[in-house]
Amino acid sequence: MRDFYGTTLDTPMMLGTARYPSPKVMEEAFRESRASVATVSLRREGGGGEAFREMVRALGIHVLPNTAGCHTAREAITTAQMAREYFETDWIKLEVIGNDDTLQPDPFGLVEAAKALCDDGFKVFPYTTEDSVLAARLVDAGCRVLMPWGAPIGSGQGLNNPFGLKALRAAFPDIPLVVDAGLGLPSHAAQAMEMGYDAILLNTAVAEAQDPAAMARAFGLAAEAGALAARSGPMPVRDMAQPSTPVIGKAWL
């Protein structure tokens, strides 16, 4: 597994904590998924409650607070600082939303906030697009992880731009990359990992499934299968058929 700011994760699965029918269902989903990271949103009206914080801690995995719902760099920076104190971690998933319909990141606010937070000692996980120019600006700002979207948050569309995601992987071979947002099926997770990505992050596809625990397990297995496939060295794609059984030694009648 790739190194995330000095931490090696046990599995390539990151899972969100929102939208579950109940806390019990959420706990079952995390257990079945074997997720290594739980993403949590800071509620400025009280951080989501002490009970929620303790429940997340009880999962026994890494906590990644996020700045979900922030639309400006200043708002995201303030939220990140609050999250660091509340959750006692310098990890932050940085979101600066630029469009309310697509929830696409604001590239200008994102770079501004990333630079300020990196300078302040945060380990920033920026939610971005597959744009390689924006990715380079984020790396220059101090980010050592990139989290490009697969598709708009909560859409379940999968990987809308596989070419762009592959190009990003090739452009940043030494940076951990996480496909974040838009995954709807376990096959989408496997596809991302087969491209050489280091992890996947999702929430809605599990939380809104009829059986969240079973879906979480399916995603966890798919992510690990895709990672194993990438490490195994897939066969090349060919234009023509190639027989698996050679004609040498064939009996001629």
Side-chain angles (χ1 to χ4, degrees), residues 1-5 7-41 52 55-66 68 87 89 91 93 125 127 145-160 162 165-166 169 175-234:
M1 294 290 295
R2 185 84 70 158
D3 180 281
F4 290 81
Y5 289 108
T7 298
T8 300
L9 304 180
D10 294 331
T11 70
M13 183 76 173
M14 300 181 180
L15 190 58
T17 55
R19 308 181 70 90
Y20 292 89
S22 70
K24 181 180 178 181
V25 171
M26 187 196 81
E27 291 173 338
E28 291 175 349
F30 270 88
R31 183 172 60 251
E32 291 296 321
S33 72
R34 297 185 61 245
S36 293
V37 174
T39 60
V40 293
S41 177
F52 174 74
M55 181 175 61
V56 171
R57 284 178 172 173
L59 295 173
I61 59 179
H62 299 283
V63 176
L64 178 61
N66 65 43
F87 291 105
T89 178
W91 281 21
K93 179 191 170 188
F125 293 65
Y127 163 63
V145 175
L146 297 172
M147 304 182 77
W149 66 350
I153 294 171
S155 69
Q157 295 176 18
L159 307 184
N160 275 353
L165 290 169
K166 288 179 181 178
R169 175 73 285 175
I175 296 291
L177 299 181
V178 182
V179 169
D180 172 21
L183 303 183
L185 293 169
S187 57
H188 300 155
Q191 182 184 6
M193 297 303 297
E194 287 167 2
M195 290 180 180
Y197 276 70
D198 301 289
I200 53 117
L201 193 159
L202 68 149
N203 191 158
T204 308
V206 168
E208 294 190 357
Q210 292 184 14
D211 186 339
M215 185 63 77
R217 183 168 186 264
F219 265 100
L221 291 171
E224 294 197 42
L228 181 59
R231 292 195 300 269
S232 299

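Given the structure is predicted, the values throughout are model-derived calculations rather than measurements.
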- prompt: Between Gln191, Met215, Arg217, which is the residue that forms a side-chain contact (heavy atoms from CB on, under 4.5 Å) with Pro186?
  reply: Met215
- prompt: Between Asp198 and Val178, is there a donor-acceptor pair closer than 3.5 Å when you use the side chain of the first and the backbone of the second?
  reply: no
- prompt: So which heavy atom on Ser155 is nearest to which on Gly182, and how close?
  reply: OG-CA, 4.0 Å
message: Is any side-chain heavy atom of Leu159 closer than 4.5 Å to one of Leu183?
response: yes
task: Report the distance from atom CG of Leu202 to atom CZ of Phe219, rounding to the nearest 0.5 Å.
output: 5.0 Å
- request: Output the distance between atom CD (Gln157) and atom CH2 (Trp149), rounded to the nearest 0.5 Å.
  value: 9.0 Å
message: Is any side-chain heavy atom of Trp91 closer than 4.5 Å to one of Val37?
response: yes
query: Heavy atoms, side chains only, cut-off 4.5 Å: are Tyr20 and Val206 in contact?
result: yes
- prompt: OG of Ser33 to CE of Met14: how many Å apart, nearest 0.5 Å?
  reply: 12.0 Å
query: Would you find more than 12 non-hydrogen atoms of other residues, nucleotides or ligands less than 6.0 Å from Arg19 atom CZ?
result: no
- prompt: Do Tyr197 side-chain atoms and Leu165 backbone N/O form a donor-acceptor pair below 3.5 Å?
  reply: yes
query: How many angstroms lie between atom CD1 of Ile200 and atom OG1 of Thr11, to the nearest 0.5 angstrom?
result: 9.0 Å
message: Tell me the closest heavy-atom pair linking Glu32 and Ala213, and the distance in Å.
response: CB-O, 3.3 Å
message: If I take atom CZ from residue Arg34 and atom CD1 from residue Ile61, how far apart are they, to the nearest 0.5 angstrom?
response: 11.5 Å
Short side-chain to backbone donor-acceptor contact, Asp180 and Tyr127, under 3.5 Å: no
- line: Value for OG (Ser41) from NZ (Lys93), rounded to nearest 0.5 Å, stands at 9.5 Å
statement: Here the pair of heavy atoms bringing Ala216 nearest to Ala29 is CB-O, 3.2 Å
message: For Phe125 and Phe4, take the angle between the two ring planes, folded into 0 to 90°, and tell me which bin it lands in: parallel under 30, tilted 30 to 60, perpendicular over 60.
response: parallel
Minimal non-hydrogen separation, Phe30 against Leu15, with atom names: CZ-O, 3.3 Å
- prompt: Within a strict 4.5 Å, meaning less than it, do heavy atoms of the Met13 and Ser36 side chains meet?
  reply: no
message: Looking at Thr39, is its backbone amide N or carbonyl O close enough to the side chain of Thr17 to form a donor-acceptor pair, meaning the two atoms are under 3.5 Å apart?
response: yes
- request: Grab the two heavy atoms, one from Asn160 and one from Pro152, that are nearest each other, plus how far apart they are.
  value: ND2-CD, 3.9 Å
message: Restricting to non-hydrogen atoms, name the atom on Pro212 and the atom on Pro21 that form the minimum distance, rounded to 0.1 Å.
response: CG-CD, 4.5 Å
query: Is the backbone of Gly196 close enough, under 3.5 Å, to the side chain of Arg169 for a donor and an acceptor to pair up by distance?
result: yes
message: Between Pro12 and Met193, is there a side-chain heavy-atom distance shorter than 4.5 Å?
response: yes
